[in-house]
Every structure is written in structure tokens, then in C-alpha cells.
Amino acid sequence: MTEAAAAAVAAAVDPFAPEHREDPYPAYEQVRATGRVVWSEVQEAFLVTGYDDCLEVLRHPASSTNEDNATVSARRAAAAEAPLIELAGKPMLFADPPDHTRLRGLVSKAFTPKTVEAMRPHIAEIVDRLLDHAAARGGDLDIVADLAFPLPVIVIAELLGVPLEDQEQLKPWSRDLARTIDPVVSEETANQAGLSALQFVNYLNALIEERRAQPRDDLLSALIAAEEEGERLLHSELLIMCMLLFVAGHETTQNLIGNGMLALLRNPAEMQRLQDDPGLAKNAVEEMLRFDGPVQLTARHLLDHAEVAGTPIPKGHTAILVLGAAGRDPQVFEDPARFDVGRPNANRHIGFGHGIHFCLGAPLARAEAQIALPALLRRFPAMKLAAEPEHRETFTLRGLASLPVSV
């Protein structure tokens, strides 16, 4: 036990244990009942479950996302990403300023609210096409397979400039890489991620060469040509940026749509309320992000001493911010375990993070969910759960492997 752990209250439970995967929220509450900032022996890190406390760490000037500054156990977890980093470099997600500032500046123009707003008609066309295909097939639906998974894959692939015929092969590579950001990663998962990273890099190298020779009107061509204060992206940075955008661009949105639809199906009065008043769609999506968000946790490594909720977090230690718990903090959200599409302060959630690492693709994820969910309710107004949904094995990115419904 470290000196820091000896000075802190120990977590009552490991909320990331497999038995909590289907519903981690009671475990989060057990941790919070012990303390809003507690020491986890399993993760060898501090767990932060309070809303204000998560915000404090996210805003703290000594907070770093660079895993080179992580505690020993966090570095062990980060080792799962080593093959990817060796092949393509460190993702923007795990970089601090000034590198993070430069990299984010090069790509941020593609995800401004104005840019995303212009994409809405095309997103609606893709949604209608997917629902037409599902309806033509007949029978019951799997909302994940029929809509939540393919929609963001198509959108981000088109944005980047990945040809339609190549999109299918990128899906398993993306999924394997997404599994490496959990607090604990098995050797098997890490090895598979390494193989997928190699295949992803080889694919992107070929696509980048094509775009260098023949630029097109897509984000990849823009990144190749991009300059920010006279600095171009290095080839390794271009590779890792494309991989990050593809993985983050579809994994989180898929989970948002799947988790959000499950919340509606399990709360039929709220589903009827949204059907009766489609104008609630924007607020409903914010409530989905609060209630069962697609990103459950993020980590920060302290470059200097901090004190959060009266608990010292010494320099060099890691804080795991449990965003899913923050979204159900009763000090901020009244009756937090209740799903309410009209909740007045639903948009106070921090499901997309906060500060300089606020999710770059948040406007796009919101737009896709705001379009997809009402369209699904219009097309299949009598939907009901056909079987218990299956959750994916990952914790950091929380989502469903399937969501079967009868229509």
C-alpha cells in the first residue's frame, strides 16, 4: 500500500469487476457512500465519483492525460496500447499542451457546430436508408446491428474519405483498439489490439498515399494539407489521428444510440412522451448522456499535489474520474436513477468530459442521436424489447452488443 493509499479511505467495492458490467450504477453508489474520492487497491488509483469533484480534477492545472506521468498500475494498463503507439505514436487523447493544442487545432474545424449542422440532411438520409433496409427485411430488429452500429461508421468513414467497400474491414480493428482503454486489459486483448493496429496502419498508409497523389474533398485530404502556424502533421501523427477519429467517431455514438434506446424501452412512459413531443429530442439525448453515458470514466495523472473533496491526491498519482457516477450524483441531479427526457438540468452532465479534452466529436454524436432516435420512433412506434440486451465486455466505453426489439 502506498503512503497515499494509507491516508485515504479504501473503496468499498471494485465497480469495474465483471459482475457489475450489466449495471455498474449500484456499485458506483457503494463507492460514493464510502467517500467521494477513495483509494482503489485494484486499480492502484483514486476513484472520483462526485460531480463537482470530477470537474475539479478535469479543471486542475496539474492534471495530465499523458500516460508517461501515470502511476505504476496505470502504466500497466497503458501497456496494452504500446503496439499502437510504437506503430503510429501517441494519440491526441493522451497528449498534453502544447502537442495537444496543435493537434486539436488541425482537426477541430471539421467538427464545429456549424459544420455538423450542414451535415444533418445527409445524416437523415443515411438513417432513412438504414431503416428502409431493416423494414424491407421484415421481422424484428436489432437496433445495434441495424442502426446504432452502421450509422456512425458510415458517417465518420465518409467524413474521413474511407471508400464504402473498405468500411467493413475497419470495424473489427476499431473494436479491438477500443478495448484497450479499460482500467484492466488482458494479455489476449492487448495482443489482438496489436495485430489490429498493424492492419489498420498498413491500410491507412496505402490510403494516405492515394490521397497525396489525388486529393479529394474529405477530411483525410484536408489533414494531409493542413497547416497550423506553419506546422504540418507528421506522418505518424496523421496515422494516429485518423485511427482515433474513426474509433472515437463511431464507438461512442453507437453506444449513445443503443443505451439511449434501451432507456426509452425500459421507460415506456418516457418513450411515449418523446413520441408525442419530438421537440424533446435534444433534451432527451442530454438525459441519455447523463443517465447511461457511452463513456463511463477517464483518467488524469497529477503532476503536482491536489486535494479533492478533502482527500489529498499526491503528485504522481492517478485519479480515475467515474463520469457515469457523476451523472447520477444526487447533489446535482434530483432523483438521479430516474430517466426523465424533460429533466431541466440534463445538459449539466459531463459525459463528453470537460476542459481542453472535451470530446471533439460531441456536436456530431449529438446530431446523429438527435436524428436517429426520433426517426426510429416514427418508423416503429410500437417497439418493445424482444429479449434482454447483451452488453459489451468493455467498461470505459459502455454499450450494447445487441438490442433486439419486436416491432
Side-chain angles (χ1 to χ4, degrees), residues 1-2 4-5 8-51 53-54 57-58 65 67 70-81 93-94 175-190 192-193 247 251-252 255 258-259 289-301 308 311 313 317-329 336-337 349-351 353 389-401:
M1 178 181 289
T2 69
V9 176
V13 66
D14 174 16
F16 314 126
E19 61 266 28
H20 302 305
R21 184 178 297 127
E22 292 299 313
D23 183 8
Y25 297 102
Y28 294 163
E29 290 308 313
Q30 283 185 263
V31 173
R32 184 157 39 221
T34 305
R36 299 173 74 83
V37 180
V38 300
W39 175 257
S40 168
E41 289 283 356
V42 178
Q43 277 77 42
E44 294 181 41
F46 289 86
L47 303 184
V48 184
T49 55
Y51 176 93
D53 312 310
C54 284
V57 177
L58 288 168
T65 62
E67 289 162 336
T71 51
V72 174
S73 71
R75 282 199 295 272
R76 280 204 301 270
E81 296 152 18
L93 194 63
F94 304 123
R175 180 139 299 171
D176 289 341
L177 294 176
R179 294 174 66 190
T180 66
I181 62 173
D182 271 355
V184 178
V185 178
S186 70
E187 185 177 353
E188 180 185 0
T189 295
Q192 183 57 51
V247 175
E251 289 283 341
T252 53
N255 294 347
N259 296 355
L289 287 158
R290 179 203 72 83
F291 181 78
D292 193 15
V295 181
Q296 289 286 299
L297 57 105
T298 187
R300 292 295 185 270
H301 318 298
V308 182
T311 301
I313 304 180
H317 279 72
T318 293
I320 297 176
L321 314 181
V322 190
L323 305 179
R328 297 201 185 191
D329 187 339
H349 69 82
I350 49 174
E390 177 189 350
H391 277 86
R392 293 166 59 188
E393 294 181 357
T394 51
F395 265 100
T396 302
L397 299 179
R398 173 169 168 78
L400 300 169

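Every heavy atom of this structure was used, including side-chain atoms; hydrogens, water molecules and symmetry mates were not. Source: prediction; values computed, not measured.
- Nearest heavy atom pair, residue I320 against residue F16, reads CG2-CZ, 4.2 Å.
- You'll find the side chain of Y51 stays beyond 4.5 Å of the side chain of R328, heavy atoms only.
- Between V322 and V31 there is no side-chain heavy-atom pair separated by less than 4.5 Å.
- Remark: E19 CD is packed, more than 12 non-hydrogen atoms of other residues, nucleotides or ligands lying under 6.0 Å away.
- With rounding to the nearest 0.5 Å, the separation of OG1 in T394 from CZ in R21 is 8.0 Å.
- From T189, atom OG1 reaches atom CZ of R179 across 4.0 Å, with rounding to the nearest 0.5 Å.
- The line from NE2 of H301 to CD1 of I313 is 12.5 Å long, rounded to the nearest 0.5 Å.
- Counting only distance, with no hydrogens or angles, the side chain of T180 and the backbone of D176 share no donor-acceptor pair below 3.5 Å.
- Taking both residues in full, the closest heavy atoms of A190 and V185 are given as N-CG1, 4.1 Å, listed atom of the first, atom of the second, then distance.
- Minimum heavy-atom separation, N259 to G399: OD1-CA, 3.5 Å.
- Heavy-atom minimum distance, A319 versus V48: CB-CG2, 4.2 Å.
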For residues 289-298, which side-chain donor-acceptor pairs fall under 3.5 Å, sequence neighbours excluded?
| unit_1 | atom_1 | unit_2 | atom_2 | d |
| --- | --- | --- | --- | --- |
| R290 | NE | E287 | OE1 | 2.8 |
| R290 | NH1 | G327 | O | 2.9 |
| R290 | NH1 | P336 | O | 2.9 |
| R290 | NH2 | E287 | OE2 | 2.9 |
| R290 | NH2 | P336 | O | 3.1 |
| R290 | NH2 | R338 | O | 3.1 |
| D292 | OD1 | Y25 | OH | 2.6 |
| D292 | OD1 | R398 | NE | 2.6 |
| Q296 | OE1 | Y28 | OH | 2.7 |
| Q296 | NE2 | Y25 | OH | 3.1 |
| Q296 | NE2 | G293 | O | 3.0 |
| T298 | OG1 | R300 | NH1 | 3.1 |

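- Sorted by first then second residue, the salt bridge (charged side-chain N to carboxylate O under 4.0 Å, His left out) pairs that include residues 25-36, not counting sequence neighbours, are E29-R32, R36-D53, R36-D329.
- In this structure, S40 and L47 approach most closely via the heavy-atom pair CB-CG, 3.8 Å.
- Between atom OG1 of residue T318 and atom CZ of residue F46 there is a gap of 10.0 Å, rounded to the nearest 0.5 Å.
- How far CG of N255 is from CG of L397: 6.0 Å, rounded to the nearest 0.5 Å.
- Two residues are said to be in side-chain contact when any heavy atoms from C-beta on lie closer than 4.5 Å; H349 and L323 fail this criterion.
- Atom CD of E22 is surrounded by more than 12 heavy atoms from other residues, nucleotides or ligands within 6.0 Å.
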Next on the checklist: The test is side-chain contact (heavy atoms from CB on, under 4.5 Å); show your working for C54 and I350 and say whether it passes.
Outcome noted: CA-CA 9 Å; C54 284; I350 49 174; 3.7 Å; yes

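- Contact between H20 and P15 at its shortest, heavy atoms only, is CB-O, 3.6 Å.
- Proximity of R392 to R175: side-chain heavy atoms (C-beta onward) are separated by under 4.5 Å at one or more points.
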